[in-house]
Amino acid sequence: MKKLYAVIGDPIGHSMSPAMHNDLFQHYKIDAHYHALHVKSEQLEDAIKGLKAIGISGFNVTIPHKVKIISLLDRVDSLALSIGAVNTVVNEDGQLVGYNTDGSGYLTGIRNELSSLEDKKVLIIGAGGAARAIYFSMADAGIKQIDLTNRTVNKALSLIHDCPYAVQSEALELNETEKQLIEYDIVIQTTSIGMSPERDYIPLSLHNLKTNAFVSDIIYNPLETLFLQNAKEKGASIQNGISMFVHQGALAFQKWTGILPDLDRMKNIVLKQLGGNIC
Ligand code: ATR
């Protein structure tokens with residue numbers, strides 16, 4: 001019987017996950033289909049019961065359900081629990097088990113670009129859900145110094161306070177960060193600033209950026225944010241948000257099927273999708 005996979009969220013119409021996963025199922029000759037399901041917050045509990053009842057094999061979870069779903073699952077792994085968000089669910093012998101592949105996906109992507117991370121000094125801009133997943137995964141991976149900067153500095157402080165892994169961290173005001181930017185080898189932009197259609201904004205000035213820094217932005221629409229353009233002008237290496245998106249999807253696919261899929265193939269599908277959707 002055809003296996004069933006899905007992504008649930010609200011809104012869900014523009015999700016690129018169905019195209020990406022259905023292409024992989026076809027490519028690896030797996031008899032399965034991945035659907036985009038529009039689930040509103042007030043329907044989440046019923047939707048999860050329904051998905052379990054029909055024996056769904058696995059699903060992704062996107063905005064706004066990544067936090068609320070935790071209490072509705074049979075089990076949640078420890079990293080996802082400490083992050084406080086689930087983006088991937090696997091049906092393990094009838095039990096719905098939650099994981100977070102956002103942070104680990106980000107980490108896999110950056111490891112492909114940089115040989116050693118552990119001795120690097122990292123700055124994360126933002127303190128929302130995405131920053132949390134990336135920060136916890138990098139701390140769990142043994143990166144020693146990860147500072148956080150955010151418009152609301154108290155949110156950065158809470159994130160540091162909540163992290164169960166040993167890591168040296170400071171919470172900084174944005175203007176303070178601009179002055180000491182030269183200290184950082186890796187700068188990771190996790191806010192929505194610069195996302196289409198509001199492309200003309202940056203979260204902070206890169207005037208003092210280290211010349212050979214590595215700068216990444218988790219936004220993929222546009223493919224090159226103004227922030228990344230500024231980083232490139234300062235001589236930095238850059239990485240856009242396609243990497244995190246594709247790697248979180250690849251790790252989900254691997255949990256569902258045991259196959260680590262072809263990343264270039266996934267990237268091409270996403271770029272094709274974006275070609276039609278960039279505004
Ligand atoms: P996500 O789950 O995608 O990370 P989020 O939890 O809403 O989204 O977090 C958004 C992040 O972008 C936060 O760090 C937010 O800063 P605040 O904590 O101060 O709200 C940041 N952000 C969003 N819009 C911003 C803006 N106009 N200026 C500065 N920071 C902004």
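A 4.5 Å side-chain heavy-atom check between Val90 and Trp256 finds at least one atom pair inside the cut-off. Within the 4.5 Å cutoff, no side-chain heavy atoms of Glu113 are placed close to those of Ser237. Leu174 is listed as a side-chain neighbour of Arg151, based on a closest heavy-atom distance under 4.5 Å. You'll find the side chain of Phe214 stays beyond 4.5 Å of the side chain of Lys120, heavy atoms only. A heavy-atom distance below 4.5 Å is not found between the side chains of Thr101 and Gln254.
Ion pairing of Lys52 with Glu92 is absent here, as no side-chain N (NZ or NE/NH1/NH2) approaches a carboxylate O to less than 4.0 Å.
Formation of a donor-acceptor pair under 3.5 Å by the Asp77 side chain with backbone atoms of Tyr99 is not found in this model. A donor-acceptor contact shorter than 3.5 Å is absent between the side chain of Gln180 and the backbone of Thr177. The backbone N or O of Leu181 sits nowhere less than 3.5 Å from a side-chain atom of Asn208 that would complete a donor-acceptor pair. Here the side chain of Asn91 pairs a donor or acceptor atom with the backbone of Gly94 at under 3.5 angstrom. In this structure, His247 contributes its side chain and Ser243 its backbone to a donor-acceptor pair below 3.5 Å.
Remark: Lys121 engages Glu183 in a salt bridge (Lys or Arg N to Asp or Glu O under 4.0 Å) (not counting sequence neighbours). Considering only residues two or more places apart in sequence or on other chains, Phe25 meets the ring pair (Phe, Tyr, Trp, His ring centres under 6.0 Å) condition with Tyr5, Phe253. Looking at residues two or more places apart in sequence or on another chain, you find no side-chain contact (heavy atoms from CB on, under 4.5 Å) involving Ile182. With sequence neighbours excluded, no residue forms a ring pair (Phe, Tyr, Trp, His ring centres under 6.0 Å) with His27. When the salt bridge (Lys or Arg N to Asp or Glu O under 4.0 Å) test is applied to Lys2, the partners found at least two apart in sequence or on another chain are Asp31. Partners of Lys40 by salt bridge (Lys or Arg N to Asp or Glu O under 4.0 Å), not counting sequence neighbours: none found. With sequence neighbours left out, Asp23 forms a salt bridge (Lys or Arg N to Asp or Glu O under 4.0 Å) with Arg265.
How far OH of Tyr106 is from CG of Leu251: 14.5 Å, rounded to the nearest 0.5 Å. For the atom pair CD (Gln273) and CD1 (Ile269), the distance works out to 7.5 Å, reported to the nearest 0.5 Å. Note that the CD1 atom of Ile63 and the OG atom of Ser41 stand 11.5 Å from one another [nearest 0.5 Å]. Expressed to the nearest 0.5 Å, how far CG of Asn175 lies from NZ of Lys179 amounts to 5.5 Å. Rounded to the nearest 0.5 angstrom, Lys267 NZ and Lys272 NZ are separated by 16.0 Å.
Here the shortest heavy-atom pairing between Ala250 and Leu263 reads CB-CD2, 3.7 Å. Across every non-hydrogen atom of Thr149 and Leu204, the tightest pair is CG2-CD2, 4.0 Å. Across every non-hydrogen atom of Leu209 and Ala236, the tightest pair is CD2-CB, 3.8 Å.
Heavy atoms of other residues, nucleotides or ligands lying less than 6.0 angstrom from CD of Gln26 number 12 at most.
Residues Leu107 and Tyr220 are members of separate hydrophobic clusters, defined by side-chain heavy-atom contacts under 4.5 angstrom among Ile, Leu, Val, Met, Phe, Trp and Tyr.
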Name each donor-acceptor pair under 3.5 Å that joins a side chain in residues 137-147 to protein atoms two or more places apart or in another chain, with its distance.
{"residue": "Ser137", "atom": "OG", "partner": "Ser104", "partner atom": "N", "Å": "3.4"}
{"residue": "Ser137", "atom": "OG", "partner": "Ala133", "partner atom": "O", "Å": "2.9"}
{"residue": "Gln145", "atom": "NE2", "partner": "Asp147", "partner atom": "OD1", "Å": "2.8"}
{"residue": "Asp147", "atom": "OD1", "partner": "Glu170", "partner atom": "N", "Å": "2.9"}
{"residue": "Asp147", "atom": "OD2", "partner": "Tyr184", "partner atom": "OH", "Å": "2.6"}

Could you pull out all donor-acceptor pairs under 3.5 Å where a side-chain atom in residues 155-164 meets a protein atom, sequence neighbours excluded?
{"residue": "Ser158", "atom": "OG", "partner": "Asn154", "partner atom": "O", "Å": "3.0"}
{"residue": "Asp162", "atom": "OD2", "partner": "Arg132", "partner atom": "NH1", "Å": "3.2"}
{"residue": "Asp162", "atom": "OD2", "partner": "Arg132", "partner atom": "NH2", "Å": "3.2"}

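Considering Ile218, Asp217, Thr225, Ile202 in turn, Asp217 is the only one that fulfils the side-chain contact (heavy atoms from CB on, under 4.5 Å) rule with Gln189.
Here side chain to side chain donor-acceptor pair (under 3.5 Å) pairs that include residues 57-69, with residues two or more places apart or in two chains, are Tyr34-Asn60, Asn60-Thr88, Lys66-Asp102.
In this structure, Ile70 belongs to a hydrophobic cluster whose other members, linked by side-chain heavy atoms under 4.5 Å apart, are Leu4, Ile8, Leu37, Val39, Leu44, Ile48, Leu51, Ile54, Ile56, Phe59, Val61, Ile69, Leu72, Leu73, Val76, Leu81, Val86, Val89, Leu96. In the hydrophobic clustering, where aliphatic and aromatic side chains (Ile, Leu, Val, Met, Phe, Trp, Tyr) are joined below 4.5 Å either directly or transitively, Met195 groups with Ile219.
Inspection of the Thr190 and Tyr135 side chains reveals no N or O donor paired with an N or O acceptor under 3.5 Å.
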